[in-house]
Amino acid sequence: MTALLATIFLSSLLIVSSADISSKIGVNYGRKGNNLPSPYRTIETVRTMNAGRIRLYDSDHEILKLLSGTNIHVSTTVPNNDIIRIASSQAAAEQWVQNNVLNFYPDTMIRFVLVGNEVLSHDRRIWSSLVPAIRRIKNSLNVHDIKNIKVSTPFTMDVLQSAFPPSSGEFWSNITDTVMAPLLRFLNGTKSFFFINAYPYLAWSANSRNISLDFALFRGRANQTDHKTGLVYTNLLDQMLDSVIFAMRKLGYPDIRLAIGETGWPSAGDIDQVGANINNAATYNRKLIQKMTTMPPLGTPARPGAVIPTFIFSLYNENQKPGPTTQRHWGLLRSNGTSIYDIDITGKRPLSSYKPLPAARSNMPYRGKLWCEVAPGADATNLSSALSYACSQGNHTCAALNPGQQCYEPVSMFWHASYAFSSYWAKFRKQGATCYFNGLARQTRNNPSEFS
């Protein structure tokens, strides 16, 4: 315990010496939508919101140019599919830096280059190239004497083999020596940040019987103590962040600074997606902002006083993100640029000044039956392709739709598609299938066959 307290104290001294880090909240500008405002209008909106940071998932030149002279700190991204090429060639890294940094910097205040996004959650073939690519990008920045751009890469919480209690935080053994140790050595040597995408919503919704919703929403009435360290936790996010800190500490790096690359709460979801509503989303993001902008900084129990650069996911609802409905409802703004709920990302507005929120109606898991049906307004041409896809997946998904079988009539594209969607979803849901079909389907509590 004495050694732990000494480590926390020394970390606090390091944090105080780095007090120039901005605590302004950032936003993630994702663009997986076909109905989003133009980049020009978007940057004007971000300026009006007084966002201190913006994170791009690419290095779009139009957006980087629009950010020139705005005083908004910018994080730009090397796409995952460029990592192997850059890792194998310093010339490729130099070309990327020339095209995507030097052509805009310093008028555009680029402060982070993030190499890939959630690489360890995707193609294993990239893993061994991640740290070499990061080093090459940093080498190119050094050649041009650029000192105030940090290089890192964002991870999800699934890089941890153990995360609870926080003191048990530990990286998976298959990435410890090959990725994490060399990465932490780099981050420590360059005074960069460990970027983590941390979503209390995902942790809570996967275990809502054992984790208090109030604890996930920063309004916990009962604290939790890590009995190994004696550290007391008032919210789930702090537990998640400290589990990363302890994992880094176990590899000999107790002082690498944290940044939250993504965090947020969805404002809508499918019928079976617990807790995805406006009330919870507004509560989480408002209290997150209050926590992260409080001065002096609050930090976490394991690292009190730390400034943690934080990016809210996301700026917009993005209607082309695949998967369950929550995937398309993480935004602070609708696709037309209007606010889904009032929020002040500067942290200056008192929480008591907000108007009452709509009642939360999905905070308990849905236990009834569900079916998948054609969504209103579904295009018939696209519906035909989706029907063919669902019926081609085997396992007798559409056997009942064959002529003479019990569900052949009525002979209707929409009825057949609803049956196929429900059958496909029922058979493959446990393997990750969703009731979406590129926007052509939705969940329903009513059995479509009863209305045929």
Side-chain angles (χ1 to χ4, degrees), residues 30-36 57-58 79-81 117-118 121-126 202 205-206 266-274 276 314 316-331 334-335 362 366-452:
R31 294 183 292 146
K32 291 185 178 179
N34 60 8
N35 57 354
L36 300 179
Y57 288 89
D58 52 24
N80 286 4
N81 56 14
N117 183 48
E118 301 181 349
S121 301
H122 298 290
D123 193 344
R124 284 175 174 260
R125 292 173 295 180
I126 304 176
L202 298 180
S205 62
S267 61
D270 290 318
I271 296 170
D272 61 348
Q273 290 191 287
V274 63
S314 61
Y316 293 118
N317 281 348
E318 300 170 62
N319 72 339
Q320 292 185 314
K321 289 181 73 70
T325 294
T326 50
Q327 288 291 86
R328 295 172 290 285
H329 289 87
W330 290 92
R334 301 180 183 89
S335 59
S362 60
Y366 179 73
R367 302 299 184 191
K369 292 183 178 180
L370 288 173
W371 289 266
C372 188
E373 68 176 3
V374 173
D379 177 77
T381 302
N382 293 332
L383 202 58
S384 177
S385 298
L387 171 60
S388 297
Y389 170 80
C391 292
S392 69
Q393 299 307 300
N395 207 16
H396 305 289
T397 302
C398 297
L401 295 178
N402 291 329
Q405 298 302 312
Q406 66 268 34
C407 295
Y408 177 66
E409 294 183 351
V411 182
S412 157
M413 170 76 70
F414 289 87
W415 154 240
H416 279 198
S418 283
Y419 177 89
F421 291 170
S422 259
S423 179
Y424 170 87
W425 189 44
K427 294 180 187 298
F428 298 106
R429 188 176 178 185
K430 290 183 178 180
Q431 285 77 47
T434 62
C435 176
Y436 181 55
F437 291 92
N438 292 324
L440 300 173
R442 68 176 184 182
Q443 291 183 8
T444 176
R445 294 180 176 88
N446 302 313
N447 185 347
S449 66
E450 295 179 1
F451 301 94
S452 60

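Count residues from 1 along the sequence.
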**OP:** Look up atom CH2 in Trp371 and atom OG1 in Thr444, then write down how far apart they are to the nearest 0.5 Å.
**Re:** 8.0 Å
Subject >> Interatomic distance, Cys372 atom SG to Arg429 atom CZ [nearest 0.5 angstrom] >> reply: 9.5 Å
**OP:** List in chain and number order the residues that pass side chain to side chain donor-acceptor pair (under 3.5 Å) with Asn35, two or more places apart in sequence or in another chain; answer none if no residue qualifies.
**Re:** Ser335
Subject >> Under 3.5 Å: donor-acceptor pair, side chain of Asp272, backbone of Tyr366 >> reply: no
Original post:
Do Ser418 side-chain atoms and Val374 backbone N/O form a donor-acceptor pair below 3.5 Å?
Top reply: yes
Original post:
Salt-bridged, Glu373 to Arg442, with N to O below 4.0 Å?
Top reply: yes
Original post:
Do Asn319 side-chain atoms and Asn34 backbone N/O form a donor-acceptor pair below 3.5 Å?
Top reply: yes
Original post:
So, does Gln273 use its side chain to make a donor-acceptor pair with the main chain of Thr326 at under 3.5 Å?
Top reply: yes
Subject >> Heavy-atom closest pair, residues Gly439 and Ala375 >> reply: O-CB, 3.9 Å
**OP:** Check whether more than 12 heavy atoms from other residues, nucleotides or ligands sit under 6.0 Å from atom NZ of Lys32, and answer yes or no.
**Re:** no
**OP:** Give a yes or no answer on whether the side chain of Asn117 reaches the backbone of Pro79 with a donor-acceptor pair at less than 3.5 Å.
**Re:** no
Subject >> Which residues share a side chain to side chain donor-acceptor pair (under 3.5 Å) with Thr325, sequence neighbours left out >> reply: Asp270
Original post:
What distance do Asn447 atom CG and Leu370 atom CG have between them, rounded to the nearest 0.5 Å?
Top reply: 11.5 Å
**OP:** Go through the structure and list residues passing ring-ring contact (aromatic ring centres under 6.0 Å, His included) with Phe437, not counting sequence neighbours.
**Re:** Phe421, Tyr424
Subject >> Shortest non-hydrogen contact between Leu387 and Ala417, atoms and distance >> reply: CD1-CA, 3.9 Å
Original post:
If you look at every heavy atom in Ala420 and Cys391, which pair is closest and at what distance?
Top reply: CB-SG, 3.9 Å
Original post:
Can you name the residues that form a side chain to side chain donor-acceptor pair (under 3.5 Å) with Ser362, not counting sequence neighbours?
Top reply: Asn277
**OP:** Quick one: closest heavy-atom pair of Leu36 and Gly30, and the distance?
**Re:** CD1-O, 3.9 Å
Subject >> Side chain proximity check, Thr434 to Gln327, heavy atoms < 4.5 angstrom >> reply: no
Original post:
Can you find a pair of side-chain heavy atoms, one from Asn80 and one from Asp123, that are under 4.5 Å apart?
Top reply: no
Original post:
Does Arg367 have any salt bridge (Lys or Arg N to Asp or Glu O under 4.0 Å) partners at least two apart in sequence or in another chain, and if so, which?
Top reply: none
Subject >> Atom pair CG/CG of Asn438 and Leu383 - distance to nearest 0.5 Å >> reply: 11.5 Å
**OP:** Specify the closest pair of heavy atoms between Lys427 and Gln431, including all atoms of both residues, with the distance to one decimal.
**Re:** O-OE1, 3.4 Å
Subject >> Arg328 versus Glu318, closest heavy-atom pair with distance >> reply: CG-O, 3.2 Å
Subject >> Those residues that, when tested against Glu118, pass side-chain contact (heavy atoms from CB on, under 4.5 Å) (two or more places apart) >> reply: Ser121, His122, Thr156, Asn197, Glu262
Original post:
Has the side chain of Ser422 got a donor or acceptor atom that lies under 3.5 Å from a matching backbone atom of Tyr419?
Top reply: no
